[in-house]
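A note on names: the letters A, B, ... follow the listed sequences, proteins ahead of strands, and every chain is numbered from 1.
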Amino acid sequence: MGAVEGIAYGLGVAMAPANLVACFVGVLIGTIVGVLPGIGPIGAMALLIPSTLALSPTTALIMLAGIYYGSMYGGSTTSILVRVPGEAASVVTAIEGYEMARRGRAGAALAVSAVGSFVAGTLGIVGIVLLAAWLADQALRFGPPEYFALSLMGLLVLSRLSGGSVATSLLMVGGGLAIGTVGMEPISGVSRFTFGWLTLAQGIDLVPVIMGLYGVAEVLVLAEQGVRRARIASVRLRELFPTAAEWRRSVAPIARGSAVGFLAGLVPGPAAVLSTFISYALERKVSKTPERFGQGAIEGVAGPEAANNGATAGAMVPLLSLGIPFAPATAILLSALVIHGVQPGPLLMAQRPDVFWGVVASMYVGNVFLLILNLPLIGVFVSILRLPQHVLSTLVLLLCLVGAWSLNNSLLDLWVLLLFGVIGYGFRKLALDPAPLIVALVLGPFMENTLRQTLFMAHGEWRLLVFRPLAATLILIGLLALIAPPLVAALRRRPAAALADPR
Amino acid sequence: MGGRAASVAALVASSLYLWQALQFPLGTMSAPGAGLYPAGVGAFLVLASGAIVLHGVRRGRRRLAAAPEATAEEDIASAGGGRRVVTAVACLLGFCLLLPWLGYPLLAFLFTTLLLQRLGNGRWATAAAGGVVTAAVSHYVFAVLLGVPLPRGFL
């Protein structure tokens, strides 16, 4: 199926009544969690996976993906009006957006942000169609060594790009891989790390781990901070129209932000967050009046807001074409695919075109919904911030508990939720990013499997990984990403030190 | 201080994981056993956590030489927050322990009431009303509409 036929077929799938409702519910929930500080899209997606069990795989994926990209729209609202980023990818928007709000241009900032997000989302879908189809075709030639190397490269690059030191990120990766080994080993049937507890033989499910790390931990942090009331700037509908000059200044940043975001989304790591910082720095650099930045420059809203939406589209490429997630949000989507009995990977497009093209086309439909939702109904979403924090926290904790239970009707999932909630709270106190742990937990069993297959294929010769050009290149990229920055920094320091000490 | 304790705990946990992994059959490189991959992961964990501990020790020495440790004012300031965190964790712990015996409807009411009151510092009657509504609505949505088999306990 070609790209045009695929999109036409996908639009047919996405416009089915059940899928339209799922898409609307997804982007609505996404906007709400984007607006609410503390409860991010990852926690919300994990929370809602159990409620999608009764849906078809396509409908479930459409809803969960809607939460993912919908949250990017919602996050900008609170950044601009309250200077409280609803989620991390909107931190940069808070700088210029809030300054614009203080000068009475909140409406313009919101409108440019929504339109920029829409344009980036639309261009991102074109990127997915072009790139994912090509990549899936190439990936059919991948063998176990290439898949192992690709996963390893993803984890190494992720370790470099995640927050905190590389050593702590690598420890997180190791932790995720270790958790993935708990349970019955599928080939020999040996129970590993179960300590005689039969229930543990089924392994540790990803969803309660994510709910704990992102949902429970966030609530514990909010509980510690106590009750905070936000001061919300009001916006009237007629203020939502940027001036001609503001539009003119926004067009190029939106285009650049879309491209930067999409490319960042292809790379393992916190793409949505990183892309906003890259886009902001880029806009400042190319601006003829960089001194306006920090004082309400609309380019600083348009570029980053387009970038974070472009990144969500880019992040879908490795998931849909290779079946490999490089970020926690796409790891949840992969988990949802598996729960619904859909085999992810390069054959997804051929075997389940309804899932592949349906989800891609639904992203366009969802972007239209978001544009309609986010401009006229901005006041409604902002009023959600008036919901008392302790009520929200209590409801989230109860939803986490019921959600974890409903996965397997097992107490083990509740204990996992509690344990990872406390661990996640510790991570927050130590400023550690749990993303590498989540991605490693998803990729761990896959990596073990592909490594075993590689060793079988090569009769124990691990050098097969080095002699296959693509596998070797991928591993090299991962290693370079890990060691090149400190090496370059050390080399730069050396001449400086020699100059300072001429002996 | 918290960071250093956490890194030492990570090193201990990594070492225990590696030791446990080595108890499983390792097999050979051409026919890997159940323990080969975990052993590799364990060695990686020990190396990473060891590097963090070493880095912490070095940094600690430099900091000691440069300036005295900061006071614990921040910890005292967040004492109220700490109490709320302990309450929330205790409620979660209680939920996990008591679910099979008390069942979902009663436990959801107790859980919600307690949390609403303790986190919001409001009146018990208001919190209890919120607890009744939340327990009833969530039970209806999950158990009746979505068919989730929530434990009913002794009721």
query: Taking C-beta and beyond as the side chain, do A/L397 and B/F95 meet within less than 4.5 Å on heavy atoms?
result: no
query: Can you check whether A/E224's main-chain N or O pairs, donor with acceptor, with B/R83's side chain at less than 3.5 Å?
result: no
message: I'd like to know which of B/L36, B/T28, B/V41 tops the heavy-atom pair count under 4.5 Å against chain A.
response: B/V41
message: Heavy-atom cut-off 4.5 Å, strictly under: side chain, backbone, both or neither for A/V422 against chain B?
response: side chain
task: Side chain from CB out, backbone as N, CA, C, O: work out which of these in A/S393 comes under 4.5 Å of a heavy atom of chain B, or both, or neither.
output: side chain
field: Closest-packed option against chain A by number of heavy-atom pairs under 4.5 Å, given B/A34, B/A48, B/S14
entry: B/A34
Region of A/V216 in contact with chain B, defined by heavy-atom distances below 4.5 Å: side chain
message: Quick check on the interface: out of B/P151, B/C96, B/S138, who has the most heavy-atom pairs with chain A under 4.5 Å?
response: B/C96
query: Side chain, backbone, both or neither: which part of A/F195 has a non-hydrogen atom closer than 4.5 Å to chain B?
result: side chain
task: Give the minimum heavy-atom separation between A/F456 and B/S30, together with the two atoms involved.
output: CD2-O, 3.1 Å
field: Segment of A/L220 engaging chain B (4.5 angstrom heavy-atom cut-off)
entry: both
field: Toward chain B, the part of A/L417 with a non-hydrogen atom under 4.5 Å
entry: neither
Toward chain B, the part of A/L411 with a non-hydrogen atom under 4.5 Å: side chain
- request: With a 4.5 angstrom heavy-atom cut-off, could you sort out which part of A/A178 is near chain B: side chain, backbone, both or neither?
  value: both
- prompt: Is it the backbone or the side chain of A/L395 that comes under 4.5 Å from a heavy atom of chain B, or both, or neither?
  reply: side chain
message: Quick check: closest heavy atoms across A/E448 and B/P38, and the distance to 0.1 Å?
response: OE2-CD, 4.4 Å
Proximal to chain A - members of residues 122-132 of chain B, heavy-atom separation under 4.5 Å: none
statement: Per-residue tally against chain A (heavy atom, under 4.5 Å) across B/T134, B/T87, B/L93 peaks at B/L93
message: Between B/L47 and chain A, with a heavy-atom cut-off of 4.5 Å, which part of the residue counts as in contact: side chain, backbone, both or neither?
response: neither
message: Quick check: do B/L116 and A/H390 have side-chain heavy atoms less than 4.5 Å from each other?
response: yes
- request: Could you pull out the closest heavy-atom pair between B/A6 and A/L430, with the gap in Å?
  value: CB-CD1, 3.6 Å
message: Using side-chain heavy atoms (C-beta onward) and a distance below 4.5 Å, is B/F142 in contact with A/L399?
response: yes
message: Between B/A21 and chain A, with a heavy-atom cut-off of 4.5 Å, which part of the residue counts as in contact: side chain, backbone, both or neither?
response: both
- request: Mind ranking A/L177, A/T181, A/L398 by heavy-atom pairs under 4.5 Å with chain B and telling me who comes out on top?
  value: A/L398
Residue A/L418 versus chain B: region with a heavy atom under 4.5 Å: side chain
message: To the nearest 0.5 Å, what is the distance between OG1 on A/T394 and CZ on B/R118?
response: 12.5 Å
- prompt: About how many Å separate OH of B/Y37 and CD of A/E185, when rounded to the nearest 0.5 Å?
  reply: 11.5 Å
- line: Ranking B/T112, B/L45, B/L115 by heavy-atom pairs under 4.5 Å to chain A gives rank one to B/L45
- prompt: Closest heavy-atom contact between B/F44 and A/L170?
  reply: CE2-O, 3.3 Å
- request: Measure distances from B/V148 to the heavy atoms of chain A and classify the residue's part below 4.5 Å as side chain, backbone, both or neither.
  value: side chain
query: Does the side chain of B/L99 reach to within under 4.5 Å of the side chain of A/W405, using non-hydrogen atoms?
result: yes
task: Mind ranking B/G42, B/G33, B/A10 by heavy-atom pairs under 4.5 Å with chain A and telling me who comes out on top?
output: B/G33
query: CG of B/L97 to CG of A/L414: how many Å apart, nearest 0.5 Å?
result: 10.5 Å
message: Are B/Q20 and A/F193 packed together at the side-chain level, in the sense that at least one heavy-atom pair is separated by less than 4.5 angstrom?
response: yes
message: Within the structure provided, determine whether A/W415 and B/L92 are in side-chain contact (heavy-atom separation under 4.5 Å).
response: no
